[in-house]
2 protein chains.
Amino acid sequence: MTATIHRIGRDTPPSLDPLMTLVAQDMNSVNAVILDRMQSRIPLIPELAGHLIAGGGKRMRPMLTLACGRLLEYSGVRHHKLAAAVEFIHTATLLHDDVVDGSGMRRGRKTANIIWGNSASVLVGDFLFSRSFELMVEDGSLKVLKILSHASAVIAEGEVNQLTAQRRIDTDEEQYLDIIGAKTAALFAAACRIAAVVAERSEAQELALDAYGRNLGIAFQLVDDAIDYASDGATMGKDVGDDFRDGKVTLPVILAYARGNDEERRFWKDAIAGHRTSDEDLAHANTLIAQRGAIADTLDRARHYGQRAIDALGPFANGAAKDALVEAVEFAIARAY
Amino acid sequence: MTATIHRIGRDTPPSLDPLMTLVAQDMNSVNAVILDRMQSRIPLIPELAGHLIAGGGKRMRPMLTLACGRLLEYSGVRHHKLAAAVEFIHTATLLHDDVVDGSGMRRGRKTANIIWGNSASVLVGDFLFSRSFELMVEDGSLKVLKILSHASAVIAEGEVNQLTAQRRIDTDEEQYLDIIGAKTAALFAAACRIAAVVAERSEAQELALDAYGRNLGIAFQLVDDAIDYASDGATMGKDVGDDFRDGKVTLPVILAYARGNDEERRFWKDAIAGHRTSDEDLAHANTLIAQRGAIADTLDRARHYGQRAIDALGPFANGAAKDALVEAVEFAIARAY
C-alpha cells in the first residue's frame with residue numbers, strides 16, 4: 001500500500017534522510033560534476049558560484065532526478081551530468097532571483113549580489129545557465145534538451161509573471177498557481193521526467209514522473225510561502241517577511257484578503273502597495289493571516305498537491321525508492337510545523 | 001581576386017547594402033521567426049523584447065548566418081530558425097549588458113532597463129535565452145547546439161572577465177583582446193560556423209567561417225571602442241563616453257596610457273578609478289587619445305583583424321556572397337570615419 005500524508009502511528013517526523021541515503025552514492029558523482037563544471041579561467045565565476053553552491057542547499061532537484069532513476073532501476077550514469085545541469089539551471093535562477101528581489105540573505109548566508117554586486121550575479125547566472133546546456137549537449141539527448149529548454153523558458157515566463165503581479169492585491173489564486181507552477185514546479189517536473197528519458201521508459205512513465213515532480217513542486221512552494229508568514233529568519237535561512245515587504249501576493253495573502261473585512265482589506269491594499277513595511281506591520285499581517293485561517297488553508301492546499309504527487313507514483317513498483325519519494329513529499333509539507 | 005580593405009579607386013564608401021540585399025528574402029523569414037517566437041502569454045515579455053528587437057539593430061549576426069549559407073550555396077531553410085536563435089542570444093546579452101552597465105541609451109532609444117526596470121530586463125533576457133535553445137532543439141542538430149551553448153558560456157565568461165577588469169588601469173592589450181574575443185567575437189564566429197553545419201560542409205570549412213566571424217567580430221568591437229572616444233551620441237546611437245565613465249579599459253585607453261607621460265598616466269589612473277567623470281574630463285581623455293595616436297592605432301589593429309577575416313574566406317568561391325561578406329568587413333571598419 002502506498003503511504004499517504006496522514007500516516008497513522010508514525011513515531012518520527014518525516015525527513016529527507018531516506019531520499020538522501022538512497023541517492024548518496026550517485027550524489028557524490030553529481031557533486032563532482034558540479035564542482036568540476038562550475039570552474040572557469042575567470043576566478044570570479046567559481047568564487048561566486050561556489051558561494052551559493054557550497055552554501056548548504058538541499059540539492060532537492062538533482063536528488064529527485066537520481067531518486068527517479070532508482071525508481072526506474074536505471075543502472076547507468078548519464079543522469080549524473082543531467083542532474084548537475086538541473087542544479088545549474090536552479091542556481092542560475094536563484095542568482096537572478098536575488099538580484100530581482102534585492103535579497104540580502106539565502107540559506108543563512110549573505111547573498112552573492114550583496115557580496116559581489118548585482119552585475120556579477122547576473123553574469124555568473126548566465127554562465128551557469130549556458131554551462132547547463134553544454135552538459136546536456138554532452139549527454140546528447142535531444143529529448144532531454146527539449147524538456148529542459150522548455151522548462152527554462154517556462155521558469156522565466158513565471159518569473160516575469162510574478163514581477164507583473166507584484167504589488168497587485170487583485171492577484172487571485174489562479175494566477176498565483178500559474179506563477180508557482182512555472183517558476184518552481186516546472187523544474188521539479190523536468191528533473192523527475194528526464195530520469196524516465198535516460199531510462200528509456202514509456203511516455204506514460206515520463207508523464208507520471210512529470211506529474212509527481214510538478215505536484216511536489218507546487219506543494220513545496222505553497223509551504224515556502226506559508227513559512228514566510230509563520231516562521232523566523234533562523235528557521236528559514238532567509239529574510240522572513242521578504243514576500244510581505246516585496247509586495248508579493250502569495251496564497252496566505254490572497255486568502256486573508258479575500259476573507260478579510262473592509263478594514264483588513266484596506267490594510268492589505270496599503271501593505272502590498274508598499275506603504276506598510278515596518279516590523280509592526282509584518283506582525284499585524286501575520287496576525288490577520290492566522291485569524292483568517294490562511295496559513296492552515298495554504299497548507300491544506302499543499303497537502304492536496306502533495307497527495308496528488310504521491311498518487312502519481314501509483315504505477316511504479318513499491319520499494320525503497322518509492323518510499324523515499326513519498327517521504328520527500330511528506331517532508332516538504334511537514335517543514336511548516 | 002579577393003578584394004582587400006585598401007581598395008584602390010573605389011568611389012563609394014563601403015556599405016552593408018550588398019549584405020542586406022543578398023539576404024533580404026531569407027531575412028524576412030528570420031524576422032517572422034523572431035516575431036513569432038518572442039511572443040508569450042505574459043504581455044510584458046513581447047513588449048520589452050519588442051522594444052529592443054524592433055529598435056533598429058542591424059541584425060548583423062543573423063545576416064552573417066544567412067550570408068554564409070549563401071556562400072555555401074545552401075538551399076534549405078534550417079538556418080532561418082538558427083539565425084533567429086543567434087539573434088535571441090544576442091538580444092538576451094544586450095538586455096543583461098545594459099543592466100550591468102546601467103546604460104540609458106541604445107540604438108538611439110531609451111534602454112529597456114530604464115523603461116521597465118532592471119528586474120524585467122534580467123528576466124526577459126533569461127526568457128529569450130531559453131527560447132533560443134528551444135529553437136535550436138527544434139532544429140535538432142547537436143552540433144549546432146554544441147557550438148552555440150559553448151559560445152554562450154564563452155560570452156558570459158567574457159562579460160565576467162570585463163567586469164573584473166573594470167576600473168583596472170593595469171588591464172593590458174592581451175586581456176582586452178581576450179575579453180572582446182569572448183564577449184563579441186565568439187557569437188560572430190558561431191553565427192558563421194553554424195551555416196557550414198547546416199550545409200553539411202567539412203570541418204575545414206566550418207573552421208574557415210569561424211575564423212571569418214571571429215576576426216570580423218574583433219574588428220567590429222575594436223572600431224566600436226574607438227568610436228566611443230571619437231564620436232558623438234547622435235552617430236553612435238548610444239551614450240558616448242560610457243566606456244570612459246564606466247571605467248572600461250578599452251584599447252584606446254590602453255595605448256594612450258602606455259604611451260603617456262607621468263602626468264597623463266596619473267590622469268588615466270584617476271579617470272579609470274572613477275574620479276574624473278565630467279564632460280571636461282571626457283574631452284581631455286579624447287584629446288590625449290588623439291595626441292597619442294591611440295584611435296589611429298586601434299583602427300590599425302581593427303584593419304589587421306579585418307584583413308584576417310577577409311583572408312579566411314580564401315577557400316570559398318568568388319561571387320556575390322563572398323563580395324558581400326568582404327564588404328561587411330570593410331563597412332565594419334569604415335564606420336569609424
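Quick note on labels: first sequence line is chain A, next is B, and so on, each numbered from 1.
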Review point. After noting the C-alpha distance and the side-chain angles of V99(A) and N118(B), does the key distance pass the side chain to side chain contact (heavy atoms under 4.5 Å, CB included) rule?
Key: CA-CA 9 Å; V99(A) 169; N118(B) 285 340; 5.9 Å; no
Exercise for review: Carefully, step by step, assess H96(B) and H96(A) under the rule side chain to side chain contact (heavy atoms under 4.5 Å, CB included).
Suggested key: CA-CA 11 Å; H96(B) 288 187; H96(A) 288 186; 3.9 Å; yes
Practice item. Run the numbers on D126(A) and I155(B) for side chain to side chain contact (heavy atoms under 4.5 Å, CB included), then give the verdict. Key: CA-CA 9 Å; D126(A) 289 349; I155(B) 292 167; over 6 Å; no
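Heavy-atom pairs under 4.5 Å with chain A were tallied for S149(B), G117(B), A156(B); the largest tally goes to S149(B). Of the listed residues I89(A), L123(A), V124(A), V122(A), the one with more heavy-atom pairs under 4.5 angstrom with chain B than any other is L123(A).
Residues of residues 164-171 of chain B that come closer than 4.5 Å to chain A, counting heavy atoms only, are T164(B), ordered by residue number.
Classified by interplanar angle (parallel below 30°, tilted 30° to 60°, perpendicular above 60°), the ring pair F129(B)/F129(A) is tilted.
Each of E157(A), E159(A), Q162(A) was evaluated against I42(B); a single residue qualifies, E157(A), per the side chain to side chain contact (heavy atoms under 4.5 Å, CB included) test.
Contacts between L163(B) and chain A at a heavy-atom distance below 4.5 Å involve the side chain alone, from C-beta outward. For a residue to count as touching a neighbouring chain, one of its non-hydrogen atoms must lie under 4.5 Å from one of that chain's; by this rule N161(B) touches chain A with backbone and side chain alike.
Residue H150(B) places its NE2 atom among 12 or fewer non-hydrogen atoms of other residues, nucleotides or ligands, all under 6.0 Å distant.
Rounding to the nearest 0.5 Å gives a distance of 7.5 Å between NZ of K146(B) and CD of E138(A).
In this structure the side chain of V160(B) never reaches within 4.5 angstrom of the side chain of L48(A), judged on heavy atoms. Side-chain contact check for D178(A) versus R41(B): some heavy-atom pair is nearer than 4.5 Å.
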